[in-house]
Amino acid sequence: MDKDENRAQPVAADTTSGRKTDIAGPGHAQALIRPWLRLGRQLVPLIGEGGFVALFTRSARLLAPPRPWLSVDLARRTSTLLLTALENDLAGADPAEAAATHEELMGTFVRQLGALIGPTLTARLLAETGAGGAPQKNQEEHKQ
């Protein structure tokens, strides 16, 4: 996951049984939480702790009903508490379901951010934080 940390690691088909197997292995939650940690570190100074918490909580609430294992606790008021709970939830879930939920949650979060500040600014902000799928550019490249 060098280039695109906000995407879950792919799930490959097991050709012998026809089932899908998790490429990430037993530590799937750690791999899935990394982009959230980086996104939190980059966005909290820009949109505030409350802004990040509100966007994340709303995104999680939209996805939670069919996923009873995805906890949404309104008492968690910091990004650290939210992301620790997310990591625990992902660790306890089936790896394939955890990866799919991570993808949906990230997509929902980005759409919510886009609805708040507009798609152009969202794309620019995510590109600058390195969360938009491209590696973060250095300051010299931003000036050009």
Side-chain angles (χ1 to χ4, degrees), residues 1-139 142:
M1 284 194 344
D2 299 331
K3 291 170 64 178
D4 193 0
E5 286 184 341
N6 71 332
R7 302 207 62 163
Q9 290 190 4
V11 174
D14 179 349
T15 56
T16 59
S17 67
R19 290 182 287 155
K20 293 185 176 185
T21 56
D22 179 53
I23 293 174
H28 68 276
Q30 291 84 13
L32 295 174
I33 202 68
R34 266 188 238 117
W36 286 106
L37 295 171
R38 186 175 37 113
L39 193 60
R41 280 192 309 268
Q42 297 294 331
L43 288 181
V44 166
L46 300 171
I47 64 173
E49 186 77 30
F52 184 86
V53 168
L55 284 174
F56 183 89
T57 301
R58 173 147 172 76
S59 300
R61 278 194 354 238
L62 290 171
L63 295 179
R67 298 167 186 87
W69 55 268
L70 184 60
S71 63
V72 178
D73 183 355
L74 299 177
R76 296 182 187 125
R77 298 189 185 268
T78 68
S79 58
T80 302
L81 291 174
L82 287 174
L83 298 180
T84 299
L86 177 62
E87 183 174 12
N88 292 333
D89 291 347
L90 294 173
D94 171 71
E97 187 176 359
T101 299
H102 159 73
E103 286 288 330
E104 287 184 63
L105 187 58
M106 184 65 76
T108 302
F109 182 89
V110 169
R111 284 190 298 279
Q112 294 290 318
L113 183 62
L116 181 65
I117 65 173
T120 304
L121 186 54
T122 298
R124 182 175 171 195
L125 180 62
L126 293 176
E128 288 175 4
T129 64
Q136 188 171 356
K137 295 179 179 182
N138 67 33
Q139 295 299 333
H142 281 294

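All heavy atoms count here, side chains included; hydrogens, waters and symmetry mates do not.
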Does the plane of the ring in Phe109 sit parallel, tilted or perpendicular to the ring in Phe56? Use 30° and 60° as the thresholds.
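Phe109 vs Phe56 ring planes: tilted.
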Are side-chain heavy atoms of [X] and [Y] found at a separation under 4.5 Å?
{"X": "Leu39", "Y": "Met106", "answer": "yes"}
{"X": "Val72", "Y": "Leu63", "answer": "no"}
{"X": "Leu90", "Y": "Gln30", "answer": "no"}

Distance in Å, [X] [atom1] paired with [Y] [atom2], rounded so as to fall on 0.5 Å steps:
{"X": "His102", "Y": "Leu70", "atom1": "NE2", "atom2": "CG", "answer": "13.0 Å"}
{"X": "Leu32", "Y": "Asp89", "atom1": "CG", "atom2": "CG", "answer": "12.0 Å"}
{"X": "Leu116", "Y": "Thr122", "atom1": "CG", "atom2": "OG1", "answer": "8.0 Å"}
{"X": "Leu46", "Y": "Gln42", "atom1": "CG", "atom2": "CD", "answer": "7.5 Å"}
{"X": "Leu113", "Y": "Ile47", "atom1": "CG", "atom2": "CD1", "answer": "6.0 Å"}
{"X": "Thr57", "Y": "Arg77", "atom1": "OG1", "atom2": "CZ", "answer": "9.5 Å"}

Partners passing salt bridge (charged side-chain N to carboxylate O under 4.0 Å, His left out) against Arg67 (at least two apart in sequence or in another chain)
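Scan of Arg67 (salt bridge (charged side-chain N to carboxylate O under 4.0 Å, His left out), adjacent residues dropped) gives Glu104.
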Any pair counted as salt bridge (Lys or Arg N to Asp or Glu O under 4.0 Å), so long as it reaches residues 40-61, sequence neighbours left out
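Counting only pairs at least two positions apart or across chains, no salt bridge (Lys or Arg N to Asp or Glu O under 4.0 Å) contact touches residues 40-61.
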How far apart are the C-alpha atoms of Arg111 and Ser59, what are their side-chain angles, what is the distance that settles it, and do they pass the side chain to side chain donor-acceptor pair (under 3.5 Å) test?
CA-CA 9 Å; Arg111 284 190 298 279; Ser59 300; over 6 Å; no
Listed pairs under 3.5 Å, donor-acceptor, residues 81-88 side chains, sequence neighbours left out:
unit_1	atom_1	unit_2	atom_2	d
Thr84	OG1	Thr80	O	2.8
Asn88	ND2	Thr84	O	3.3

What are the two closest heavy atoms between Ala98 and Ala93, and how far apart are they?
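Taking every non-hydrogen atom into account, CB-CB, 4.1 Å.
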Determine whether Thr78 and Phe52 satisfy the following criterion, side chain to side chain contact (heavy atoms under 4.5 Å, CB included), listing intermediate values before the conclusion.
CA-CA 8 Å; Thr78 68; Phe52 184 86; over 6 Å; no
